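Right, one structure below, let's go through it.
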Amino acid sequence: MGDREVDQQLVERAQRGDKHAFELLVGKYQRRLGRLISRFVRDSAEAEDVTQEAFIKAYRALPAFRGESAFYTWLYRIGINTAKNYLVSLGRRAPTSTPLDIEESEDFEAIDLLQDVSTPENELMSKQVVGVVNDTLQKLPEDLRTALTLREIEGLSYEEIAEIMSCPIGTVRSRIFRARETIATNLRPLLGTSNDKRW
Amino acid sequence: MKQDISALMDGELCDEEADLLLGRIRQDEAASKDWQAFHLIGDVMRQPRNLPGNLGAGFYARLAAEPTILAPQPRRQSRFQYFAMSAVASIMAMAFLAWFAMHIDKAQPDVRMQQLAQQPASSTPLAEGENMDDYLLAHHEYSPSTELRGANSYIRTVSVNH
């Protein structure tokens with residue numbers, strides 16, 4: 001079951017009335033959608049409101065989602081429309097975007113150059129999270145760090161990683177999990193500690 | 001379970017395992033947090049700059065207040081079901097054709113025989129100069145011995161008189 005199939009299964013569960021399945025999709029895509037929307041809405045508080053609105057709209061529109069496209073493509077389209085409508089409602093002009101923008105928005109590094117968006121509190125928390133992840137990653141044993149990097153950065157399957165690292169697939173699975181769990185253990189003190197539990 | 005969550009988000013579980021695990025995550029808040037944390041790690045590794053925070057509790061309260069959707073599900077057929085249904089349909093079609101052929105072959109002569117039996121037998125001798133071949137040729141398409149019933153009128157027949 002690939003990434004798209006996992007999403008589809010969560011969507012089908014949500015379509016059967018399982019809101020928790022939709023929450024898992026929110027947990028997975030909230031930052032990516034947030035980044036996309038922040039290309040249109042530069043203020044961080046407004047961008048978060050629009051991101052929330054986009055997810056609520058997506059939830060309401062879920063019965064119409066038939067899986068012809070990937071869930072994230074569908075979600076991003078809703079996100080862009082919501083952001084543009086928001087700007088129109090404020091009398092601002094939305095930046096133009098193409099379908100290519102939707103597909104490649106995750107890799108759009110220039111987002112950061114457009115940004116000024118974070119509040120000091122959010123920026124501090126964001127830096128702390130990034131710091132913990134990077135520090136822990138650097139301290140991981142080489143085989144764990146390599147396995148996780150090949151998966152998260154290169155997007156390779158377990159089979160491909162096993163071939164590169166000359167080890168069984170089960171070992172790859174275990175290494176990736178151990179790497180994630182080590183980082184998550186160090187992150188937990190930060191997660192859920194702010195007032196509105198934003199992390 | 002945590003290791004399964006890690007494999008699930010990488011798309012490395014089979015359908016049945018994934019379905020089972022998603023059901024378990026639903027009932028386990030800690031598992032949901034692991035799901036969130038593992039995805040956060042991936043997002044940070046891919047794009048450490050401009051990291052939006054998680055949506056706040058207000059969003060989840062708002063989502064909880066939304067009417068629960070219940071969409072009709074398209075029925076998903078497994079590959080086994082697909083082939084099984086095809087096989088059953090083929091067998092049914094063949095059985096129907098076999099039954100139909102047997103029924104036609106048997107029933108039609110019986111009806112004709114009953115009709116013939118109700119008619120008084122004719123003992124009229126052939127008139128002088130009347131040819132039996134002409135009679136047989138004219139009634140050939142009703143003969144039960146042929147498998148081309150009904151098509152005989154379109155077949156040119158050649159006979160020789162001795």
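The structure presented is a predicted model; accordingly, all values stated were derived computationally and were not measured. Labels below follow one simple rule: chain letters A, B, ... track the order of the sequence lines, proteins then strands, and each chain is numbered from 1.
- Residue B:I41 comes nearest to A:L148 through the heavy atom pair CG2-CD2, 4.5 Å, listed as atom of the first residue, atom of the second, then distance.
- Looking at B:I25, the atoms closer than 4.5 Å to chain A (heavy atoms on both sides) sit in the backbone and in the side chain alike.
- A:Y59 has its side chain within reach of B:I69: a pair of non-hydrogen atoms, C-beta onward, lies under 4.5 Å apart.
- The same ILVMFWY cluster, assembled from side-chain heavy atoms under 4.5 Å apart, contains both A:L150 and A:I153.
- Formation of a donor-acceptor pair under 3.5 Å by the A:R13 side chain with backbone atoms of B:D19 is found in this model.
- Residues A:L90 and A:V41 are members of one and the same hydrophobic cluster, defined by side-chain heavy-atom contacts under 4.5 angstrom among Ile, Leu, Val, Met, Phe, Trp and Tyr.
- Taking the ring-ring contact (aromatic ring centres under 6.0 Å, His included) definition, one finds that A:F177 meets it with nothing, sequence neighbours left out.
- Residues B:L8 and A:V6 approach most closely at O-CG2, 3.5 Å, considering heavy atoms.
- When side chains are defined from C-beta on, B:I5 does not count as touching A:R180, because their heavy atoms never get closer than 4.5 Å.
- Checking each of A:K28, A:Q30, A:R31, A:R35 against B:D43 for a side-chain hydrogen bond (donor to acceptor under 3.5 Å, both in side chains) leaves exactly one that passes, namely A:R31.
- Contact annotation for A:A64: neither backbone nor side-chain heavy atoms come within less than 4.5 Å of a heavy atom of chain B.
- The part of A:V133 that comes within reach of chain B is its side chain, from C-beta onward, which places non-hydrogen atoms under 4.5 angstrom from that chain.
- A side-chain donor-acceptor contact under 3.5 Å links A:K19 to the backbone of B:E66.
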Check against side chain to side chain contact (heavy atoms under 4.5 Å, CB included), B:Y60 and A:V26: CA-CA 10 Å; B:Y60 292 99; A:V26 172; 3.7 Å; yes

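- Two residues are said to be in side-chain contact when any heavy atoms from C-beta on lie closer than 4.5 Å; B:E12 and A:R173 fail this criterion.
- Both the backbone and the side chain of A:T149 come within less than 4.5 Å of a heavy atom of chain B.
- Rounding to the nearest 0.5 Å places CE of B:M9 at 9.5 Å from CD1 of A:I176.
- B:Q36 contributes atom CD, which lies 7.5 Å from atom CG of A:L24 (distance to the nearest 0.5 angstrom).
- Atom CZ of A:F22 sits about 6.5 Å away from atom CG of B:L63, to the nearest 0.5 Å.
- Minimum interatomic distance between B:A18 and A:Q9 (heavy atoms only, all atoms of both residues): CB-OE1, 3.6 Å.
- Looking at B:S32 and A:H20, their side chains come closer than 4.5 Å, going by heavy atoms from C-beta outward.
- Close approach to chain B, defined as a heavy atom under 4.5 Å from one of its heavy atoms, is seen in no residue of residues 160-168 of chain A.
- Each of A:G34, A:A21, A:G17 has some count of heavy-atom pairs under 4.5 Å with chain B, and the biggest count is that of A:G17.
- Hydrophobic clustering, with ILVMFWY side chains joined whenever heavy atoms are under 4.5 angstrom apart, keeps A:V11 apart from B:L20.
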